[in-house]
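Below: one structure, written as structure tokens.
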Amino acid sequence: MRLLLRRHNLTAVLLVMAMFAVPRAFGATFVDTVGDNFDGNAHMDITQVDVSDDGTNITFKISVNAASITSPDWGKYTVGIDTNGATGDFGSPVGNPWGRNISMAGGMDAWIGSWVDSGGGFQPWTYAGGSWTQNGSGVPVISGNMTTITTSLASLGLTAGQSFKFDVYTTGGGGGDSANDAVANPSQTVNDWQVPYTTPASGNGAALSYTTVPEPASLGLVAVAALAMAGVARRRP
Ligand SMILES: [Ca+2]
Ligand SMILES: [Ca+2]
Ligand SMILES: [Ca+2]
């Protein structure tokens with residue numbers, strides 16, 4: 001009987017450890033209003049953004065209202081990230097490394113700029129010490145009405161188990177262009193190309209929140225806790 005109990009406990013512990021050994025991924029979907037952009041271009045009208053991560057890389061899948069995000073293909077798809085309300089680029093009207101009239105009230109700490117023309121590309125940037133640094137580059141997966149950007153958490157200055165605020169914008173090809181659409185804002189952002197847009201800290205249009213998966217060390221602690229619990233159970237008569 002005692003041996004049987006031990007076997008059950010061991011099985012439970014192994015099951016718990018297996019659960020946390022399996023690669024994990026978190027994800028969340030953020031839906032936006034259809035037709036809320038002033039310019040009327042369907043490929044500039046965000047309908048949904050899916051964010052997911054596996055503790056190492058993070059993915060932003062941006063969907064627009066056009067059947068094809070590359071027809072026409074001049075739209076720019078960007079992400080603003082605010083990790084700390086006291087840090088980041090507080091420039092106005094330009095609070096990002098691409099010279100767009102886009103900013104975040106909490107100060108932008110990271111930025112992804114992307115395009116879908118000529119095969120597409122993206123750049124992850126971080127802001128520190130008063131200037132922006134580009135951390136490599138990549139190519140998004142462009143398919144139908146979506147462009148999917150996957151970059152390392154590190155390239156955005158993010159870590160596992162971190163909560164941050166963000167917004168996703170469509171913008172044009174010129175410096176001074178604004179956010180034609182923002183996923184965090186269900187209403188119209190601006191009424192002309194270069195009218196500056198700021199993602200507010202609260203109220204309508206306030207930055208969205210996302211938390212990356214816990215770091216593996218935290219998951220290891222869960223397994224240790226499970227072992228400890230099994231040990232307690234085994235000592236019961
Ligand atoms: Ca929209
Ligand atoms: Ca900030
Ligand atoms: Ca919107």
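Note: hydrogens, waters and symmetry copies are ignored here, and every other heavy atom, side chains too, is used. All ligand and atom numbering here is 1-based and tracks the order in the structure. Predicted model, so just to flag it, every value in this text is computed and none were measured.
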Any N, O or S atom of Gly106 closer than 3.0 Å to the Ca ion (ligand 2): yes

Pairs touching residues 127-154 that satisfy ring-ring contact (aromatic ring centres under 6.0 Å, His included), sequence neighbours left out: Tyr127-Trp132

Metal environment of the Ca ion (ligand 1), protein N/O/S under 3.0 Å: Asp32 OD2, Thr33 O, Asp36 OD1, Asp45 OD1, Ile46 O, Asp181 OD2

Asn185 O and Ala182 O subtending at the Ca ion (ligand 3) (10° steps): 80°

Under-4.0 Å salt bridge between Asp117 and Lys76: yes

Backbone or side-chain N/O/S of Asn84 under 3.0 Å of the Ca ion (ligand 2): yes

Test of ring centre spacing under 6.0 Å for Trp193 and Phe38: yes

Proximal heteroatom of Asp82 relative to the Ca ion (ligand 2) (N/O/S): OD1

Among the N, O or S atoms of Asp109, the one nearest the Ca ion (ligand 2): OD2

Main-chain N/O of Met44 paired to Thr170 side chain as donor or acceptor, under 3.5 Å: yes

Identified side chain to side chain donor-acceptor pair (under 3.5 Å) counterpart of Tyr197 within the set Asn101, Asn185, Thr189: Asn185

Expected output: side-chain Thr212 to main-chain Thr159 donor-acceptor under 3.5 Å: yes

Metal site the Ca ion (ligand 2): N/O/S of Met108 inside 3.0 Å: no

Gly107 backbone or side-chain N/O/S under 3.0 Å from the Ca ion (ligand 2): yes

Any donor-acceptor N or O pair under 3.5 Å, side chains Asp50, Gln48: yes

Flag, side chain of Asn145 to backbone of Val64, donor-acceptor distance under 3.5 Å: yes

Donor-acceptor under 3.5 Å (Asp45 side chain, Asn37 main chain): no

